[in-house]
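What follows is one structure encoded as structure tokens, with my remarks underneath.
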Amino acid sequence: MPSTPSMPVVEMTGIGKSFGGVPVLRNVDLRLDSGTVVGLLGANGAGKSTLIKILSGVYSADSGTISVDGQHLGSASVTEAQRLGIRTVHQELSLVPSLRVYENVYLHAELTKGRRTPFAPLDRETMIRESRHVLRDVLGIEVDVRATVEDLPIATRQLVEIARAVHERAKVLVLDEPTTSLEAREKAQLFQVVRDLRNQGVAVIFISHHLDEVTDLCDRTIVLRDGAVVVDAPTAELSARDMVTAMTGRLVDHQYPKKQVQLGEPVLAVDGLTREPVYRDVSFVLRRGEILGVVGLAGSGKTELIRGLAGSLPAASGSVTRNGSAVRLGSIRQARRLSLIYLPSDRKVAGIFPEHSVAWNTTISALQRIMGRFGLSPARELSTVNAAIDEYGMKVSGPDQVISRLSGGNQQKVMLARSLLGNADVLLLEDPTRGIDVAAKNDVYELITSLVEAGKSVVLVSSEETEVLGMCDQILVMREGRVRANLAAGDTSLPQIRLIAMSSEGDDE
Amino acid sequence: MTSTPTVPSGRVIAPRAMAGLRRVVGLPGAGVTIAFLVLCVALAFASDYFLTVGNLTVVLRQSVWVAIMGIGMTFVIGMGEIDLSVGAILGISGLAAAIWIQSGVNIYLAVVAALLLGAVIGACNGLLVTILHLPSFVATLGAMSVLRGIIMVITGGVPVYGLRYPEFQFIGQGFIGPFPFPVVILAAVFAVFAYVLYRTPFGRHVLSIGSNAHAARLAGISLTAVRVTVFMISGLLCAIAGVILASRSEAATADAGQGMELDVIAATIIGGTVMTGGKAVLYGTVVGAMLMTTIRNGLNLLGVSPLWQQVVIGAFIIISVAGSMLASRRADGDA
Ligand SMILES: Nc1ncnc2c1ncn2[C@@H]1O[C@H](COP(=O)(O)OP(=O)(O)OP(=O)(O)O)[C@@H](O)[C@H]1O
Ligand SMILES: [Mg+2]
């Protein structure tokens with residue numbers, strides 16, 4: 001358990017940072033002791049990522065000082081921060097997609113035969129062996145380390161990213177929302193790794209929007225609001241309510257605003273949907289006003305299934321009935337014409353247009369809505385987007401702010417707004433609240449509720465089982481590409497779902 | 001970043017004026033416009049002849065081809081692709097018009113057919129890129145070579161001369177009021193495609209593909225249709241330039257448009273369009289084309305040898321692109 005060392009590993013004092021004249025961090029102090037895990041909380045746009053980017057040498061602070069182990073850390077340099085033992089997993093994944101897993105794990109830390117020079121021959125065998133060891137024995141996932149990263153699901157990519165940060169002994173480990181697409185089991189494994197590292201004396205910063213994770217893992221909790229520290233206290237002294245109040249400045253009850261909606265006629269029925277080897281023989285009926293949840297571990301086929309419905313990973317066999325007539329979901333465009341709109345979870349790769357504005361990113365798949373007499377109407381665009389900014393509580397400087405300048409959670413809100421603007425009748429949502437803060441999450445749930453009240457239907461794939469339990473009417477539990485159970489939300493419980501999702505092959509065959 | 005920027009002498013400039021200046025300099029296309037204006041002022045001082053109406057008309061006219069083709073290139077590069085066949089399409093469509101006219105086809109019909117030819121060749125480029133999944137660099141490099149070969153086979157290297165028909169001459173040499181007809185065509189092309197790029201869903205789709213093709217596909221955009229159309233637009237605009245050139249020189253030569261692809265790409269990039277796609281500055285391309293012609297014109301007026309002109313132009317391209325990228329990074333605030 002954490003000892004009480006005398007000198008902090010990291011000491012950041014009086015950190016200030018503005019972007020284009022807008023202050024993002026104000027006079028922030030952060031002290032990290034070795035062998036402790038510090039939780040960093042704050043609403044979307046509070047400045048969490050900016051703070052840890054300053055620590056990792058990505059940005060330089062406008063004011064304040066940073067010292068690591070008593071050594072002064074000068075102007076922004078990632079190399080220098082790494083040399084001082086700081087390892088960071090950033091919120092937006094930063095792997096090289098076209099490289100293999102082990103190459104990514106050892107990126108810029110390549111092992112060579114003989115002396116370590118840029119032109120020495122690579123020691124592939126050791127890199128492969130070691131990365132396999134880290135991934136399998138430490139992080140507990142089976143992955144072919146020779147696979148190319150772009151072929152991996154996002155949860156696995158996140159674990160590869162973590163492997164990259166932990167395979168070398170770090171002094172300070174920074175994890176910026178590392179759990180956003182992880183399943184319960186992988187989360188537990190990650191927490192075990194973090195605890196082991198802590199016991200070995202590593203100092204850890206852990207950022208999350210899940211209060212239970214912070215309560216579970218962190219010795220101390222710091223809450224940022226609008227770029228200033230509002231709470232810095234031992235976690236044991238804080239209740240979840242204290243944390244939320246500190247984050248938002250108001251009281252927010254976290255409850256799923258589930259309302260019983262009268263279910264209508266079937267809008268989408270699939271029978272025997274199959275695409276080997278990722279999903280097999282999937283059948284369900286989705287009715288008007290219904291929310292259908294799909295849960296399962298990583299690799300269970302749930303993300304592939306929703307992409308199958310979206311037309312981006314079409315089924316090879318099986319039938320689909322939409323509003324009573326047989327249809328094919330062979331491509332994204334075909335699905336969209338049937339008003340099936342898909343929100344991908346991987347916003348960086350599959351979602352945002354990084355150099356364009358919030359307005360552009362919001363309206364891009366519903367441009368017919370902003371047509372005026374002379375083509376696209378800037379005035380209509382402005383009013384549409386301003387409405388969305390209000391509705392989702394986006395923290396932006398204005399509709400013309402470039403999206404890559406937004407915090408991760410605010411980018412996610414733009415993605416949500418885009419998919420809801422597109423005249424959907426059936427929404428296919430993949431981790432819609434990924435990276436969204438506690439207060440805004442409730443708003444999203446309320447929004448989804450109002451959509452089904454208005455007669456839309458939703459398929460919700462999520463790595464958060466509680467979200468599915470709290471919001472859905474019908475729940476499919478998938479394992480190894482098959483639906484293992486089709487449950488009514490009222491008749492089931494978290495333990496039951498977990499049991500079905502995890503029980504090993506052969507139990508029920 | 002400091003809150004009170006200082007000039008080297010240490011004098012403090014009002015932060016607000018500085019911020020305003022930065023914002024202007026950071027606007028897309030500002031770099032090329034400033035460079036162009038500076039160059040014009042400098043040349044006006046250096047040569048008495050530069051600022052005459054006659055000379056300015058010459059400059060504008062000589063920019064027309066690169067500017068028109070550059071408008072197509074702006075779409076192509078904005079979409080994250082490249083078209084190396086533009087010079088060859090200009091050559092072959094001018095030649096086709098010349099041959100058809102000389103063989104007695106109605107002049108207007110011949111011109112329309114030549115334009116269609118350019119559009120069809122462009123569409124073929126697009127199909128190579130979308131159906132065969134060739135990188136556009138390779139597809140259009142191949143197309144350039146094939147087209148140049150065909151031109152040589154048809155002409156045997158001998159130009160088609162004598163296109164002295166008033167209706168045809170008008171295209172490249174006529175005037176509407178005080179304006180040379182090619183300049184009027186350029187203005188019309190610019191107006192139409194500025195509308196298409198900035199005011200239609202199609203324009204947004206083009207830039208979305210250049211920005212993030214995967215996300216564009218998931219947003220429901222048809223990559224194939226947009227890509228083929230953009231290459232077709234590029235081909236069509238090259239054909240327009242080809243017909244203007246043939247009309248102006250009253251001939252179609254085998255080497256028409258040779259090497260022009262590089263000028264066109266340079267004008268587009270100088271103008272502020274991002275090489276990797278996603279952002280396009282249409283008026284910047286036109287200014288870029290004028291800038292390049294002006295440099296050449298100015299160096300001629302100053303009596304600089306053509307050999308040295310190459311060196312100066314190359315250096316100018318590097319300096320102006322570097323300058324405008326620096327300015328926009330500054331304006332972004334993450335220097
Ligand atoms: N490069 C940048 N340029 C301009 N503004 C930026 C930039 N990066 C971040 N910001 C702004 O700084 C603020 C803080 O962003 P930051 O990413 O630190 O938030 P966060 O606390 O990590 O939020 P989230 O929970 O959504 O990840 C946001 O309002 C964001 O718009
Ligand atoms: Mg963040």
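Here is the naming used below: chain letters follow the sequence lines, and residue numbers restart at 1 for every chain.
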Relative to chain B, which of [options] shows the most heavy atom pairs under 4.5 Å?
{"options": "A:Ile364, A:Asn361, A:Leu343", "answer": "A:Ile364"}
{"options": "A:Pro378, A:Ala335, A:Ser312, A:Ser419", "answer": "A:Pro378"}
{"options": "A:Arg337, A:Gln368, A:Glu381", "answer": "A:Glu381"}

Given that the side chain runs from C-beta out, which part of [X] has a heavy atom under 4.5 Å from chain B: side chain, backbone, both or neither?
{"X": "A:Pro344", "answer": "side chain"}
{"X": "A:Ile341", "answer": "neither"}
{"X": "A:Thr363", "answer": "side chain"}
{"X": "A:Leu376", "answer": "both"}
{"X": "A:Gln334", "answer": "neither"}

If you measure from CG on B:Leu223 to CD1 on A:Ile332, what distance do you get to the nearest 0.5 Å?
-> 10.0 Å
Contact origin within B:Thr200 toward chain A - heavy atom pairs under 4.5 Å | backbone
Applying a strict 4.5 Å limit to non-hydrogen atoms, the region of B:Ala216 in contact with chain A is both
State, to 0.1 Å, how close [X] and [Y] come at their nearest heavy-atom pair, and which atoms those are.
{"X": "B:Gly220", "Y": "A:Arg333", "value": "O-NH1, 2.7 Å"}
{"X": "B:Gly278", "Y": "A:His356", "value": "O-NE2, 2.6 Å"}
{"X": "A:Phe374", "Y": "B:Tyr195", "value": "O-CE1, 3.5 Å"}
{"X": "B:Ser211", "Y": "A:Pro354", "value": "OG-CD, 3.3 Å"}
{"X": "A:Ile370", "Y": "B:Arg204", "value": "CD1-NH1, 4.2 Å"}

Contact check, side chains of A:Glu355 and B:Leu207, non-hydrogen atoms, under 4.5 Å | no
Backbone N or O of A:Val349 within a donor-acceptor pair of the B:Asn212 side chain at under 3.5 Å?
-> yes
